[in-house]
Amino acid sequence: MSFPYQIKSVDQYKAAYDKSVNDPEGFWGEIASSFYWRKKWDKVLEWDFKKPTIKWFAGGKLNITENCLDRHLNTLGNTPAIIWESNDPEEPNRVLTYRELHAKVVQFANVLKNNGVQKGDRVCIYMGMVPELAIAVLACARIGAIHSVVFGGFSAQSISDRLQDAKAEFVVTCDGGFRGNKEIPLKSVIDDALVQCHFVKRVIVLTRTRTQVSMIEGRDVWWEEEIRKVEAQGNPDCVAEEMDAEDMLFILYTSGSTGKPKGVVHTCGGYMVYTNYSFVNVFQYQPGDVHFCTADIGWITGHSYIVYGPLSAGATSLMFEGIPTWPNAGRFWDIVDKYKVNVLYTAPTAIRSLMGFGLDPVKGHSLDSVKVLGTVGEPINEEAWHWYDEQIGKKKCPIVDTWWQTETGGILISNLAGVTPAKPAHATLPLPGVQPLLVDENGKEVTGNSVSGNLCIKFPWPGMLRTTYGDHERCRVNYFATYENLYFTGDGCLRDENGNYRITGRVDDVLNVSGHRIGTAEVENAINMHAGVVESAVVGYPHDIKGQGIYAFVIYQGTHGDDALARQDITKTVSKIIGAIAKPDKIQFVSGLPKTRSGKIMRRILRKIAEGEIDKLGDTTTLLDPSVVDEIAKGRL
Ligand code: WTA
C-alpha cells in the first residue's frame, strides 16, 4: 500500500495543517479517496456543535472490514496481519496472515448470523487478549452488528450495567483468560452478569483456559462447535454488509465525572479514515513494520491501534495476551527481540513500573529493530521519558507522546515520529485537521503562547464521537455545553513558548489510574454499597507508578471495630461492583466530610490533604464544620 497522505517533513506538516484548516472538506475528501467505498459520499462534512450533529462522508457506503481485510488480499495475502504472543512464553505463538484472518472473520461472521445476529444488533464482547477477540470485533463489523467490547477486568455488575444500557442481546466470551499468574473466570463472570439480563439470547464461548464452565441450555453455545457447523455448511462466503458512513460501528463505555459510564459511539466512515490517517502519520508506518501496541482491545487504544488503524494500513499488528512483568520484567524486551518489533506503543505507567526493576531485565536484549516509541493514556513524567529514550530507544528512536481520548477515536495531539520535533513530556502539536483551543474558567479563549487553560477543540475531525448511546442529551451536556460551540475534553493543558501542548491531566472528577479512566462518583457509589459505610468521598493523589492513586475518605459505622478488616471489605466491595482496577489505594476513616453549608463536599480540600499539601488548604471558613478538616488532616495516611 502507498499512503499519499503520509507527511514526510516539517514543511509538509505545515502545508497539510494549513490546508486542513482552510479547506477541511477538500483535505479530508482527498484522504478518504484512498479507501475502498462501495459508493462515494455526497458531502464530506456537515456539523453543528450546538445540537450536536456531526456527519462525515454522508451518503458514502462502505464496510470497514473490506478496507482492513479484503482490499489487502491480492497484495498482502501472505503477510502477517496479526501475530499473537501468549501469556505463557512457552506456548507456541500464532500468526494469522491477511488471508487467514479474512477467512476466520468470514467464518465467525457466519457464526454470528447463524445465531441470529443482524445488522444494528449490539454484541457485547468480553474476552481476554486472544486473536479471536480481534476476529469477533471484525466479524461484527462485517455484518453491521455494533460491537461493544468490555475490558476483561470489569466485574459482573459493570458488564450487566453495560448490557442493559446497550440492550445487547448477544455476548461473546471465553471460558477464562490468562493474565500473568492469574486466571480470570470470564464465563462465570458473564453468568453472574446475566442474572439481571434475561434479554440476552445467546452467549458464544471460546475455549481458552479449559476451566469448568456451566453452559445454559438454549442460551450458551461453544465457539468451536459453531465454527464446525459453518464448516459443515461448506464455509460459505460472507459478503460484507453495506454500511452508511454514519452507521454505528461500535460503542465503548468510558467513565465520566458523573453517573455510570457512558457509551461513546463511533461510526464507520470517519473512524476508519481517522484511525488510518493518524496511524500512518504519527508512527510513520512503513510497509513491513511490526507494530506492537501493548494496550488491551477492551480500551480505545486497542480498538484504534491494534485493530482498525494497523489493519486498514496493511500492517502487522502484534497482540500480547499477558502483562509486562510476567514471568519477569524483561517480557516486553523478549517480545521486541523475538518479533523484531519496529514500533512499541505503551503507557507511561508500564514504563515507570519497568523502570522500577532497574536495568537488569533490559540487559541482554538488542532492541535494535525498534524505530519508533510511543506513549499514551496519561501524562508522562520527564524521568520516565528519558529512561524510555535512553534505555529502550538508545537515543535513536523518536518518542511520540500521543494525546487523545475514547471520545476522539484517534490521536489528536502528537509529534509525528522523526518528522516533527519531540519535546519530553509534551504531546507537542495537533495533527492536521485538529484545531485545539485553550479557554479560561469563564470560557474565554486564552490566546498566545506560554499560557494554560482548559483544552477544547473548535472544529470537527472525522474520528470524533457522534453521541452517547441511547442518550444524546448526555453527549451534548458532557462535551458541548460547557463552552459554546466547542468540544470540551475535560483536560487541563499548557501551551509553551513555541506553541507545543502539554496535557496536565483531568480538570473534572475523573481519575487516571495507570492510564485507566475512573470516575470518582463511580468509586464512591461502589464504596457506599458496603453496608457499614455511611458516606464517602474519593479523590486522586500522585502515585509514583500509577500516575494517580485512589484516596477514599470514608465515614464508617461498622460494628466489629477492626479497621484493617473493614478496609479489606470495602476494597472487595469496589472490586465486585466495578472491578479490581478501581480499588482504592488508601482508605481513611473519618467522622465527617468537609461540606459547604449547602451540603456540597469540598473536594478541593480533600485533594490537598491527599496530596499532602496540608498547609495549602485555602479558605475553610465557608465550611459547615471547619474543625473536621483538622481531624482529617491529622489522620492522613
Ligand atoms: C489522558 C486513552 C497526557 C487525558 C487514549 C485524557 C493523556 C484521558 C495522554 C483519556 C497523553 C491520554 N498525555 N494525558 N499523551 N493520553 N491522556 O479515554 O486525561 O482512556 O482525557 O483514552 O487520558 O483516556 P481514555
Side-chain angles (χ1 to χ4, degrees), residues 149-151 153-154 250-257 261-266 271 274-275 278-279 282 293-306 308-309 345-352 373-382 384-385 388 399-415 422-431 434 436 452 454-457 463-465 468 478-479 482 487-495 500-520 522 540 546-548 581-582:
V149 183
V150 177
F151 171 62
F154 278 115
F250 67 86
I251 306 169
L252 188 58
Y253 284 85
T254 191
S255 295
S257 47
K262 41 188 181 280
V264 169
V265 170
H266 286 287
Y271 178 81
Y274 198 76
T275 50
S278 52
F279 173 76
V282 171
C293 166
T294 70
D296 191 290
I297 294 177
W299 309 112
I300 190 69
T301 307
H303 281 62
S304 301
Y305 300 109
I306 295 178
Y308 289 113
Y345 188 35
T346 195
T349 191
I351 300 168
R352 288 191 297 262
L373 297 171
T375 71
V376 56
E378 45 173 335
I380 182 163
N381 46 315
E382 296 205 15
W385 194 97
Y388 202 32
I399 297 178
V400 287
D401 177 349
T402 65
W403 173 82
W404 58 297
Q405 313 177 295
T406 305
E407 294 85 347
T408 70
I411 299 163
L412 292 199
I413 305 184
S414 173
N415 48 316
K423 178 173 178 185
H426 286 69
T428 74
L429 299 176
L431 264 63
V434 176
S452 66
N454 288 347
L455 178 62
C456 296
I457 317 282
M464 73 187 300
L465 88 163
T468 44
N478 256 291
Y479 305 105
T482 316
Y487 165 81
F488 177 42
T489 64
D491 279 319
C493 183
L494 308 172
R495 189 164 52 216
N500 288 308
Y501 290 87
R502 173 181 197 156
I503 286 75
T504 46
R506 304 286 307 196
V507 293
D508 52 8
D509 288 319
V510 173
L511 306 178
N512 192 326
V513 180
S514 301
H516 299 149
R517 261 169 84 165
I518 300 167
T520 51
E522 258 180 284
K546 298 179 175 186
Q548 262 188 321
I581 55 169

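Counting convention: from 1, in listed order, for ligands and their atoms alike. This one's a predicted model, so the numbers in the text were calculated from it and none came from an experiment. In this chain, residues are counted from 1 in sequence order.
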J.: In terms of atom number and element, which parts of ligand 1 are under 4.0 angstrom from non-hydrogen atoms of Arg506?
T.: 19 (O), 21 (O)

J.: Is the closest basic N to carboxylate O distance between Arg352 and Glu378 below 4.0 Å?
T.: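 Between Glu378 and Arg352 there is a salt bridge, with a charged N closer than 4.0 Å to a carboxylate O.
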
J.: Considering only heavy atoms, does Ile300 approach ligand 1 within less than 4.0 Å through its side chain, its backbone, both, or neither?
T.: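 Just the side chain.
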
J.: Does at least one non-hydrogen atom of Gly377 fall below 4.0 angstrom from an atom of ligand 1?
T.: yes

J.: After noting the C-alpha distance and the side-chain angles of Tyr501 and Trp403, does the key distance pass the ring-ring contact (aromatic ring centres under 6.0 Å, His included) rule?
T.: CA-CA 10 Å; Tyr501 290 87; Trp403 173 82; 9.0 Å; no

J.: If the cut-off is 4.0 Å to any non-hydrogen atom of Asn512, which atoms of ligand 1 fall inside it?
T.: 1 (C), 23 (O)

J.: Quick check against the 3.5 Å criterion: does Tyr274 have a side-chain atom that pairs as donor or acceptor with the backbone of Ile411?
T.: yes

J.: In ligand 1, which numbered atoms sit nearer than 4.0 Å to a non-hydrogen atom of Ile503?
T.: 3 (C), 14 (N)

J.: For ring-ring contact (aromatic ring centres under 6.0 Å, His included), just list the numbers for Tyr487 and Tyr479, CA-CA rounded to whole Å, side-chain angles, deciding distance to a tenth of an Å, and then say yes or no.
T.: CA-CA 5 Å; Tyr487 165 81; Tyr479 305 105; 5.7 Å; yes

J.: For atom 13 (N) of ligand 1, find the nearest protein heavy atom and state the residue, atom name and distance (0.1 Å precision).
T.: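 Atom 13 (N) of ligand 1 sits closest to the protein heavy atom Glu378 O, 3.4 Å.
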
J.: Check each heavy atom of Gln405 against ligand 1 and say whether those closer than 4.0 Å belong to the side chain, the backbone, both or neither.
T.: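 It is both backbone and side chain that touch ligand 1.
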
J.: Heavy-atom distances under 4.0 Å decide this one: backbone, side chain, both or neither, for Thr402 against ligand 1?
T.: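 The part of Thr402 near ligand 1 is the backbone, not the side chain.
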
J.: How close does the nearest protein non-hydrogen atom get to atom 20 (O) of ligand 1, and which residue and atom is it?
T.: Arg517 CD, 3.7 Å

J.: Please determine whether side-chain hydrogen bond (donor to acceptor under 3.5 Å, both in side chains) holds for the pair Tyr305 and Thr402, giving the CA-CA distance in whole Å, both sets of side-chain angles, and the decisive distance to 0.1 Å.
T.: CA-CA 12 Å; Tyr305 300 109; Thr402 65; over 6 Å; no

J.: Write out the residue and atom name of the closest protein heavy atom to atom 10 (C) of ligand 1, then the distance separating them to 0.1 Å.
T.: Trp404 O, 3.6 Å

J.: Could you list the atoms of ligand 1 found under 4.0 angstrom from a heavy atom of Thr301?
T.: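 Ligand 1 atoms under the 4.0 Å threshold to Thr301: 5 (C).
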
J.: List every atom of ligand 1 that sits less than 4.0 Å from any heavy atom of Val376, numbering the atoms from 1 in the order shown and giving each element.
T.: 5 (C)

J.: Specify whether His266 and Phe250 have parallel, tilted or perpendicular ring planes, treating 30° as the upper limit for parallel and 60° as the lower limit for perpendicular.
T.: tilted

J.: Minimum heavy-atom separation for Asp401 and Ile380, please, with both atom names.
T.: OD2-CG2, 3.5 Å

J.: With the side chain counted from C-beta on, respond yes when Met464 and Tyr271 share a heavy-atom pair under 4.5 Å apart, and no when they do not.
T.: no

J.: Any carboxylate oxygen within less than 4.0 angstrom of a Lys/Arg side-chain nitrogen, looking at Arg517 and Glu407?
T.: yes

J.: Could you find the nearest protein heavy atom to atom 21 (O) of ligand 1 and give me its residue, atom name and distance?
T.: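 Minimum-distance protein heavy atom for atom 21 (O) of ligand 1 reads Asp491 OD2, 2.6 Å.
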
J.: Is it the case that ligand 1 has an N or O less than 3.5 angstrom from some N or O of Thr406?
T.: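 The answer is yes, given that Thr406 and ligand 1 share an N or O pair closer than 3.5 Å.
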
